[in-house]
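Notes follow once the structure below has been shown.
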Amino acid sequence: MVKRVTLFVTCLVDQLFPKIGLGMADVLEDLGYELDFPEAQTCCGQPAFNSGHWDEARQVARYFLDVFRDCECVVCPSGSCAAMVTHHFEELFAGDPGRLAEVRALKPRVWEFSQFLLDVAGVEDVGARLDRVVTFHDSCHGLRELRIKEGPRRLLAKVRGLELREMDIPEECCGFGGTFSVKFPEVSGGMARTKIDSILRTGAGTVVGLDSSCLLQIEGALRRAGSQVRAMHLAEVLASR
Amino acid sequence: MNAPDKILTTLANPPLQKAVYAATGRLMDHRRAVVTPEVLPDFQELRTAANAIKRHTLENLDYYLEQLETNVTRRGGTVVWCKDGAEVADFLTRLAKGKNARLVVKSKSMTTEEIDLNDKLEEAGIETVETDLGEFIIQLMRQKPYHIVAPALHLTRYEVADVFTQRLGVERETVIEKQTMIARRVLREKFLAADIGISGANFLVADSGAVVLCTNEGNARLTTTAPRIHVAVAGIEKLVPRAADLAVFLKLLGRSATGQPLTVYTSFLSGPRRESEIDGPQEFYLVLLDKGRTQVLANPEKRQTLFCIRCGACLNHCPVYRKIGGHNYPWVYSGPVGAVISPLYQGMMHDPWLPFASSLCGACGEVCPVKIELPKLLLEHRDEIVRTKAAQGQGRLEKLGFRLWAWLMRHPKLYELAGTAGSVIASGDSGWMTRLPGPMNIGPGKAWTSQRDMPALAPRSFRQLWRERRSRS
């Protein structure tokens, strides 16, 4: 039985959307977990990894391992950052047996937030209430690397007052893609506009997701389009009372 | 870096955007309908099997190629080994001259597109006519295929009407069925007059020496049987060991490409007409093309790119392809597979922007029927390009940026300080900005806000709020 949970809030949540981290902490504390936030934590290294700067990604990933290596259980409000650790650290350290062993030992103890709730904590109903019509965006790395599809929907179904309206293209990428968003801004922006068109067709006032990176792309595009629809992380939804 | 500017032209063309998005969307829907577990319960097992068969074949390619040659020869055909496109063109030109052939009909073949065969034959004075409807249209327009499977995917029937009027001298016709009849009328005469038919090959079967063609229009049957000479041009990676292996690949190809359980025609061609047969060509040649494939084969990391069966599913499912279309890629292969294989054949630094033009959403890898790890290969290309650039002294600013970033990420106190400083400088009403203030509106920040609003850094970071929370409790 896991008792102590170490929060890896991710650099984006730390610097841009701290409310997501606090929401995650609220939900986990309500479930009786003892929480730990190592202040040495920063980033998983993914921005450099996806941009081809693997030496720099390795430096940050090694640092990540040093911070989290001995934790009993690491929970993270991002499918993308969790997948970086559980799926891509092995590629980064393919030539480093020592670090590879560390990665493999840590990997089964790193969880994306919704997966932790369902698979480790074993809860669907966290007692949340939110009177809103929402739609749900499947973020790519959560969906295709961590196979997260029905889980968040099961959690949302238990939120009192909440109605989920599916998009016609819930699984289509929002176009963020890390540095892709600024290397190919027009392509990335076009993808975001295709996504928000689908969000707007649902009539929902809120789009919920598991990754603050997708949500910043989506809400940024919604705001630019003059829409009142806002993005919300699943952790914020589940922390609503 | 420098992606082509015409990407912006494509993005700024709403009818084209709509046409490409709708056509690829239909192909996605059709595929999804025939690979669901209810319809095809063993779809994932088939993908795994296809991957294993291709892996085995390529790891033993020398053996199977010799077996193929033996069996093609035994059936009266001739195998021609070509190391590049020039050798293919030389062979065909000599063949045409020797047989006094003036007209070539072709069925759809990406391999011959790869080597610009039509141009080379036309230069040698041999009229070359594409007979697949989409290929026929784009040949009239002097364009390259827009899509591996649907070469004229980007065109509307009105554009086809225009080109038929201009190039064929027919009255303007916008009804698709009637356009098809116009093409059919023109092409029938070509089929009957042609001396040589050139096809590609979807599969080559080592144990029988058969060329397998999967088509929908019947034009490949005419191409390979009406003229007195049939030449199939195929890359050496098209092999499968046994006819039985096609039970796996034929189930995957049509489904992945167009959502068909099988293509309308599946032709097994082995050698020229034999005595007891009533049709078929008098002569049959199988041209086996290397053109860089053996070099890719020699690289264990990149070898899996040779598994590709050219179904086009990764293109249809790629949100980037669906925006930038098929004509902004540097080679005839577009979409994710194009972005992965073009650098392997044209050189990693030929178009160093290409592997970066992806959000890494992973949709391509998920649908690939032979399980090529396309996202992983894109990432590996990026790593190689960045290292090559560093060695050549290019991309210094970005490298410096990431070095600074990596250093900051390993110094949490300074990382926190930088965040606090940033939140003071770049704050916005309601926490969002439409542009960065004054002189900071440059580089990545400017690129970001060219498309969407940007969140300001939080006045207090999570770690600061966490400390307060802990000191309260």
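We name chains A, B, ... by the order of the sequence lines, and we start the count at 1 in each one. Hydrogens, waters and symmetry mates play no part in the numbers below; they use all other heavy atoms, side chains included.
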Please find the pair of heavy atoms, one from A/A48 and one from B/W405, that lie closest to each other, and give the distance.
CB-CZ3, 3.6 Å

Does any backbone or side-chain atom of B/M454 lie under 4.5 Å from a heavy atom of chain A? Answer side chain, backbone, both or neither.
neither

Pick from B/H381, B/R470, B/K413 with the largest number of heavy-atom pairs that fall under 4.5 Å of chain A:
B/R470

Minimum heavy-atom separation for A/Q41 and B/R463, please, with both atom names.
O-NH2, 2.7 Å

Neighbours of chain B found in residues 143-152 of chain A - heavy atoms under 4.5 Å
A/R144, A/R147

Nearest heavy-atom contact between A/W54 and B/L379 is CZ2-O, 3.5 Å

Rounding to 0.5 Å, atoms NZ (B/K323) and OG (A/S188) come to a distance of 11.0 Å

Show, in sequence, the C-alpha distance, side-chain angles and deciding distance for A/Q59 and B/R403, and conclude whether the side-chain hydrogen bond (donor to acceptor under 3.5 Å, both in side chains) test is met.
CA-CA 10 Å; A/Q59 291 169 5; B/R403 278 195 184 139; over 6 Å; no

Just by distance, do the side chain of A/H53 and the backbone of B/D383 share a donor-acceptor pair under 3.5 Å?
no

Flag for B/Q451-A/R224: side-chain donor and acceptor within less than 3.5 Å:
no

Check A/D14, A/L12, A/T10 against B/F462 for a side-chain contact (heavy atoms from CB on, under 4.5 Å) and give me the one that passes.
A/D14

Heavy-atom pair count under 4.5 Å with chain A, highest-scoring of B/G25, B/A390, B/C361, B/A406:
B/C361

Proximity breakdown for A/A225 and chain B, heavy-atom pairs closer than 4.5 Å
neither

Honestly, the part of B/T10 sitting under 4.5 Å from a heavy atom of chain A is neither

Between B/A363, B/G419, B/S450, B/A12, which has the largest tally of heavy atom pairs under 4.5 Å with chain A?
B/A363

Distance from B/L408 atom CG to A/C43 atom SG, nearest 0.5 Å?
10.5 Å

For the pair B/F402 and A/D55, evaluate side-chain contact (heavy atoms from CB on, under 4.5 Å) and give the outcome as yes or no after the intermediate values.
CA-CA 10 Å; B/F402 272 106; A/D55 288 338; over 6 Å; no

Partner chain A: residue of B/H317, B/R460, B/R387, B/K376 with the largest heavy-atom pair count (under 4.5 Å)
B/K376

SB check B/R467 A/E39 (cutoff 4.0 Å):
yes

Which members of residues 230-241 of chain A, sorted by number, sit under 4.5 angstrom from chain B on a heavy-atom basis?
none

Residue part contacting chain B, namely of A/I169, when any heavy atom lies under 4.5 Å
side chain

Should the pair B/W466 and A/F37 be assigned to parallel (<30°), tilted (30 to 60°) or perpendicular (>60°) ring geometry?
tilted

Looking only at B/Q464, B/K399, B/H411, most heavy-atom pairs under 4.5 Å shared with chain A are made by B/K399

Relative to chain B, which segment of A/C174 carries a heavy atom at a distance below 4.5 Å: side chain, backbone, both, or neither?
neither

Carboxylate-amine/guanidinium contact A/E56 B/R410, below 4.0 Å
no

